[in-house]
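Quick note on labels: first sequence line is chain A, next is B, and so on, each numbered from 1. All values reported here derive from a predicted model rather than from experimental measurement. Values below: every heavy atom of this structure, side chains too, minus hydrogens, waters and symmetry copies.
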Protein chains: 2
Amino acid sequence: MAETTATAEHLALLLTESGMQRMAARALCALLYAEQETMTAGELGERLSASAGAVSGALKTLVTLNLVERVPAPGSRREHYRMRADGWAVMTGGNNRLIDAMVRSAEEGITAVGEDSIAGRRLAEMRDFYAYIQREIPALIERWHQQRRVR
Amino acid sequence: MAETTATAEHLALLLTESGMQRMAARALCALLYAEQETMTAGELGERLSASAGAVSGALKTLVTLNLVERVPAPGSRREHYRMRADGWAVMTGGNNRLIDAMVRSAEEGITAVGEDSIAGRRLAEMRDFYAYIQREIPALIERWHQQRRVR
DNA sequence: CTGAAGCTTCACGAATTACTGAAGATTCAG
DNA sequence: CTGAATCTTCAGTAATTCGTGAAGCTTCAG
């Protein structure tokens, strides 16, 4: 087995550059590349050379985002964590909160300036686009799950 | 007309929280809410109370991302800028670079650990998902443009 | 050709963000 | 019930990011 840590960290860097918090990205990638079903917070800390506090914060974020889940405890020790199988779908579809906000923000802007102004037309375009995406993304993800079930 | 600056800044904040650089987000939103077709770097600086340097950097970023375009100069003064009409589509579809990287990263990981390991199966799921998205997003955007042309 | 206006680049300093370490909370074994 | 192991929270600090201001470059008017 090659040095997977470097590969994992490389992906983490990519996610960080796309806006994810650094430690959250590192923890997610460590879970992704782990040759175990689950990891404890302590194991993650060791693997990442990070303090317990940093790991705790990162896991909280990841669990909130539904990218990682607490596992009830397979053996019987403390909390175990694993990346959710549908994590990537959640991450992509989960932008819904952002998209909703974009639609609302555009509407708010239109209310302020009127639809028949220069800015109003731009804002209407923005609203229409995000409303379209808002409609289509769930269907896209659904098709993915369907396709996946077939195999 | 209400105070549109606050609305613009609010949207900018949202974009910042989603990973866009602060000043780039502010400049984009200023252009979005502007009651003019185009703005010069100087006008933007004034509107944002930001230094020329900061505006210059932000515009460079936005032009590189294809969210904003230089306008050849309508009158004859210096560079004018405007938000591209398809900016939002570019912003959404433009994640392609990220998505390509995700696919590559997953494949790289699989090469390192083999497909028939615990990590290998997770990585294969990741690869399959992003390969799917890679295929579907362009079609999604294309349908948007089509729909739009109809009106 | 010369000067002025505007844009870009860059080094430095300010502000923000992220991590550590320690103290407190929680859970479980015995 | 008590103690040990692990996790969480938080204050302080380290690291990073971001913006300013100044200097240099480019373009254009005269």
Among dT8(D), dC7(C), dT20(C), the one nearest any side-chain atom of Ser51(A) is dT20(C)
For the residue pair Trp144(A) and Tyr132(B), categorise the inter-ring angle as parallel (less than 30°), tilted (30 to 60°) or perpendicular (more than 60°).
-> tilted
Quick one: Met20(B) CE to dT17(D) P, roughly how many Å, whole number?
-> 18 Å
Which whole-number value in Å describes the distance from Gln21(B) CD to dT17(D) P?
-> 10 Å
Atom CZ of Arg70(A) to atom P of dC7(D): distance rounded to whole Å?
-> 10 Å
Side chain to side chain, Leu67(A) and Met20(A), heavy atoms closer than 4.5 Å = yes
Given atom CD of Glu79(A) and atom P of dA5(D), what is their separation to the nearest angstrom?
-> 19 Å
Answer yes or no: is there a side-chain heavy-atom contact under 4.5 Å between Arg143(B) and Leu140(B)?
-> yes
Tell me, do Glu43(B) and Gln36(B) make a side-chain contact under 4.5 Å, heavy atoms counted?
-> yes
Which of the following nucleotides, dT8(C), dG19(D), dC7(D), is nearest to the side chain of Tyr81(B)?
-> dT8(C)
For Gly42(B), answer base if it contacts any base atom (sugar-phosphate contacts may also be present), sugar-phosphate if it contacts only those atoms, and nothing otherwise; contact means non-hydrogen atoms under 4.0 Å.
-> sugar-phosphate
Among the nucleotides dT20(D), dT8(D), dC7(C), which one has an atom lying closest to any side-chain atom of Met23(B)?
-> dT20(D)
What nucleotide among dT20(C), dT8(C), dC18(D) has an atom nearest to a side-chain atom of Ala52(B)?
-> dT8(C)
Under 4.0 Å between a side-chain N or O of Lys60(A) and OP1 or OP2 of dC7(D)?
-> no
How close or far is atom C1' of dA5(D) from atom CD of Glu43(A), stated in whole angstroms?
-> 14 Å
With a 4.5 Å heavy-atom cut-off, do Trp88(B) and Arg127(A) have their side chains touching?
-> no
Write down the distance between CG (Leu44(A)) and P (dC19(C)), rounded to a whole number of angstrom.
-> 14 Å
Could you tell me whether Ser49(A) contacts a base, only the sugar-phosphate backbone, or nothing, with contacts defined as non-hydrogen atoms closer than 4.0 Å?
-> sugar-phosphate
Leu59(A) atom CG is separated from dC19(C) atom C1', nearest whole Å, by 15 Å
Here the distance between atom C1' of dT6(D) and atom NE2 of His80(A), to the nearest Å, is 11 Å
Could you please name the option among dC7(C), dT8(C), dC18(D) that lies closest to any side-chain atom of Arg22(B)?
-> dC18(D)
Give one of base, sugar-phosphate or nothing for Arg26(B), where a contact means two heavy atoms less than 4.0 Å apart.
-> nothing
